[in-house]
Amino acid sequence: MSKIVYVGMSGGVDSSLTAALLKQQGYEVTGVYMKNWSQDLPGFTCPWKEDYQDAKRVAVQLGIDFKLYDFETEYRQKVVDYMVGEYQAGRTPNPDVMCNQEVKFKLFLETALADGADMIATGHYARIKDGQLLTGLDGSKDQSYFLYRVTEDALRHSLMPIGELKKSVVRAEAKKLGLATADKPDSQGICFVGKVGIKDFLLAELGEQPHGDIIDQHGKLIGEHDGAIFYTIGQRHGLQVGGGLPFYVTGKDMAKNQVQVTTDLQDTKLWHQQFTITDVHWINCQPDLTKQYQARVRYRAALVPITLLALTKQGLQMTLGEEVRALTPGQSAVIYDGDRVVGGGIVTNH
RNA sequence: UGGGGCGUGGCCAAGUGGUAAGGCAUCAGUUUUUGGUACUGACAUUCGGGGGUUCGAAUCCCUCCGCCCCAG
């Protein structure tokens, strides 16, 4: 008897081909559209209906069952509230990491299993082998960074067939199969919410923010910002301050509602080598402090060799083999052992 | 009030007779399942106002306006 797989179908090419491939491989496939967000925002129409229809269209083409799971309430609580709270605290969260941890590989998994599935599948560019998470074979599309908070148990119940393919192949295969989504542009923006600028999103959630001072590396007042929460470390644009060299954000003082910037790209405040991550999560087992690993400090950043210093209740201290620019509190540092994701945590304030 | 200097797009800033560099910012696009980064493109018929000299001026002259510095 073939296994029953529930495939999360977002209405994009990747998850469409995922469903098609699993069907070909003999699984008993059901497509599921997760409705996590449907709210329109000023100047932005939520594309959920279109996405739903595209997913449904592909399901019909493939002749598979199709369902809609409504997770809006939970998505709001677990992802959006988390994200907004982090911004308010002066950090820069990664909602997609949380979405994978809480929604796709928890809520969706549990719901699917309860509905009779043996496994779930997603269109992520990552691979799963023996309960381990590996990078996607297409290095330029690898999405393992977003998945480091998934549990081994969830991985053992998940499939990510796209992780074995290159993006160009995915598109070509989708086209060959005549899938309705073959030429649909890749999605961008906040997971499930869509292509909305984070500033517009926060404005819609929180309203106008108190303006404050922009201070340069010499402590000089050089301008006014329209809300410290909108700015993130390393950011260059959006300061509306000109004259000479570009300004990069080096830090924020939420208590003083200040944004600190520098024109000096060598400024020590812009470069970091040693830091701590908290809320650590290990997929299979804790890292070996004596072993050489690599870390990725932001999505698509190069892997940097690291030395682990100490694993405490507070988190993990580590030193990078080289300085990285604009390490940002709230973002995730993911630890790799070659192409295997060991785990990671959240970069703390420093 | 004397003496000197300056006024070029939102901000810096080249250009001192030959028909407006460059950078920042901004906007658009590309890259990207977060934010950010990076990359590409767009952006002054006009040089504080007025007048004059000249084939031709942001560049020379006159004048008015504004700002800065030194004297006091």
Side-chain angles (χ1 to χ4, degrees), chain A residues 8-15 18 34 36-37 47 51 75 79-80 82-84 86-104 122-126 136 138-149 160 162-163 167 170 184-202 214 216 222-225 227-252 259 261-263 265 270-271 296-302 324-334 346-347:
Chain A
M9 295 178 72
S10 65
V13 232
D14 299 332
S15 55
T18 299
M34 284 175 247
N36 295 325
W37 186 266
D51 291 340
Y75 184 78
V79 181
V80 178
Y82 156 78
M83 181 174 89
V84 172
E86 285 289 290
Y87 272 109
Q88 285 182 299
R91 290 184 289 270
T92 306
N94 190 324
D96 291 357
V97 166
M98 195 53 70
C99 176
N100 284 323
Q101 172 185 299
E102 294 294 333
V103 179
K104 291 180 186 161
T122 63
H124 283 106
Y125 284 85
D138 185 340
S140 62
K141 289 296 292 185
D142 173 43
Q143 292 170 334
S144 59
Y145 176 85
F146 295 107
L147 296 165
Y148 79 97
R149 286 192 158 277
M160 299 177 186
I162 295 299
K167 180 77 193 194
V170 169
K184 192 171 171 181
D186 290 358
S187 69
Q188 293 172 352
I190 307 164
C191 159
F192 284 111
V193 176
K195 195 174 179 165
V196 208
I198 190 64
K199 189 166 179 177
D200 290 332
F201 186 81
L202 290 174
I214 301 177
D216 76 5
I222 58 152
E224 185 187 89
H225 69 250
I229 62 168
F230 301 128
Y231 299 90
T232 190
I233 312 303
Q235 180 170 343
R236 164 179 178 170
H237 296 93
L239 293 169
Q240 316 216 310
V241 183
L245 296 165
F247 289 102
Y248 293 89
V249 175
T250 54
K252 304 197 281 185
V259 172
V261 299
T262 186
T263 51
L265 271 175
L270 255 188
W271 296 88
R296 178 167 282 149
V297 149
R298 58 162 54 73
Y299 178 52
R300 281 168 52 83
V324 295
R325 191 167 159 270
L327 189 69
T328 307
Q331 291 286 291
S332 289
V334 178
I346 310 290
V347 176

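These numbers were taken from a predicted model, which means no experiment stands behind them. Residue numbering restarts at 1 for every chain, and letters A, B, ... go by the order of the sequence lines.
Ring geometry for A:Trp37 versus A:Tyr75: interplanar angle over 60°, hence perpendicular rather than tilted (30 to 60°).
Taken from CG in A:Asp51 to CE in A:Met9, the straight-line distance is 11.5 Å, to the nearest 0.5 Å.
Side chain of A:Gln143 to backbone of A:Ala126: no donor-acceptor contact under 3.5 angstrom is found. The backbone N or O of A:Val334 lies less than 3.5 Å from no partner atom in the side chain of A:Ser332, so there is not a single donor-acceptor pair. With A:Asp142 contributing its side chain and A:Gly136 its backbone, the two residues share a donor-acceptor pair below 3.5 Å.
A salt bridge does not link A:Lys141 with A:Asp14: every distance from a Lys NZ or Arg NE/NH1/NH2 to an Asp or Glu carboxylate oxygen is 4.0 Å or more.
Here A:Lys104 does not reach the OP1 or OP2 of B:U33: none of its side-chain N or O atoms lies under 4.0 Å away. Taking only side-chain nitrogens and oxygens, A:Tyr248 comes nearer than 4.0 Å to OP1 or OP2 of B:A38. One finds a side-chain N or O of A:Tyr299 lying less than 4.0 angstrom from the OP1 or OP2 phosphate oxygen of B:U33.
Rounded to the nearest Å, the gap between the C1' atom of B:C60 and that of B:G66 is 23 Å. Annotation: B:A57 and B:G2 have their P atoms spaced 33 Å apart (nearest Å). For the P atom pair drawn from B:U59 and B:G51, the interatomic distance equals 14 Å after rounding to whole Å. Across the P atoms, B:G29 and B:C47 are found 33 Å apart, a figure rounded to whole Å. Between B:G4 and B:G9, the distance separating the two P atoms is 27 Å to the nearest Å. Across B:A13 and B:C43, the matching P atoms stand 24 Å from one another, rounded to whole Å. The P atoms of B:G49 and B:A58 are separated by 11 Å, rounded to the nearest whole Å. Between B:U45 and B:G50, the two P atoms lie 15 Å apart (nearest whole Å).
Toward the 5′ end of RNA chain B lies the nearest nucleotide of A:Phe146, the other residue of the pair A:Arg325 and A:Phe146 mapping further downstream. Comparing A:Pro93 and A:Arg300 against RNA chain B, the residue whose closest nucleotide sits nearer the 5' end is A:Arg300.
Using a 4.0 Å heavy-atom distance criterion, A:Lys199 is classed as making no nucleic acid contact. Backbone-only engagement by A:Gln235 is indicated by non-hydrogen atom pairs under 4.0 Å involving sugar-phosphate atoms exclusively. Residue A:Arg298 is classed as a base contact, given a heavy-atom separation below 4.0 Å to a base.
Using N1 to N3 plus N6-O4 or O6-N4 for Watson-Crick, or N1-O2 and O6-N3 for G-U wobble, each under 3.5 Å, B:U1 pairs with B:A71. Pair assignment for B:C6: B:G66, on the basis of Watson-Crick or G-U wobble contacts that are both within less than 3.5 Å. Across all strands shown, B:U32 forms no Watson-Crick or G-U wobble pair with both distances under 3.5 Å. Summarising the base pairing, B:A25 is matched to no nucleotide, lacking a Watson-Crick or G-U wobble pair whose two defining distances lie under 3.5 Å. The partner of B:C43 is absent, by the rule that a Watson-Crick or G-U pair needs both atom distances under 3.5 Å. Across all strands shown, B:A57 forms no Watson-Crick or G-U wobble pair with both key distances under 3.5 Å. With a cut-off of 3.5 Å on both Watson-Crick or G-U wobble distances, the partner of B:A14 is given as none.
The side chain of A:Tyr145 sits closest to B:U34 out of B:G35, B:U34, B:U33. Closest to the side chain of A:Gln143, from the set B:U33, B:U37, B:U34, is B:U33. Distances were taken from every side-chain heavy atom of A:Thr92 (C-beta onward) to each of B:A25, B:U33, B:G35; the shortest belongs to B:G35.
Taking atom CD on A:Gln331 and atom C1' on B:U32, their separation rounds to 13 Å, with Å as the unit. One atom, CZ of A:Arg236, and another, C1' of B:U26, lie 12 Å apart when rounded to the nearest Å. Whole-Å rounding puts the A:Met34 CE to B:U33 P distance at 18 Å. Atom C1' of nucleotide B:U33 and atom CZ of A:Arg296 are separated by 15 Å, given to the nearest angstrom. When the P atom of B:A25 is taken as reference, atom OH of A:Tyr231 falls 13 Å away, rounded to whole Å. Atom-to-atom, CD of A:Gln101 to C1' of B:U34 comes out at 15 Å; the value is rounded to the nearest Å. Between A:Asp14 atom CG and B:U32 atom P the separation is 12 Å, expressed in whole Å. Between the CE atom of A:Met98 and the C1' atom of B:G35 there is a distance of 15 Å, given to the nearest Å.
For the pair A:Arg296 and A:Tyr148, the NZ or CZ position fails the cation-pi test of under 6.0 Å to the six-membered ring centre and within 45 degrees of the ring normal.
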Working for side-chain contact (heavy atoms from CB on, under 4.5 Å), residues A:Val170 and A:Tyr125:
CA-CA 11 Å; A:Val170 169; A:Tyr125 284 85; 3.4 Å; yes
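Base orientation at B:U45 is anti, since its O4'-C1' glycosidic dihedral falls outside 90° of 0.
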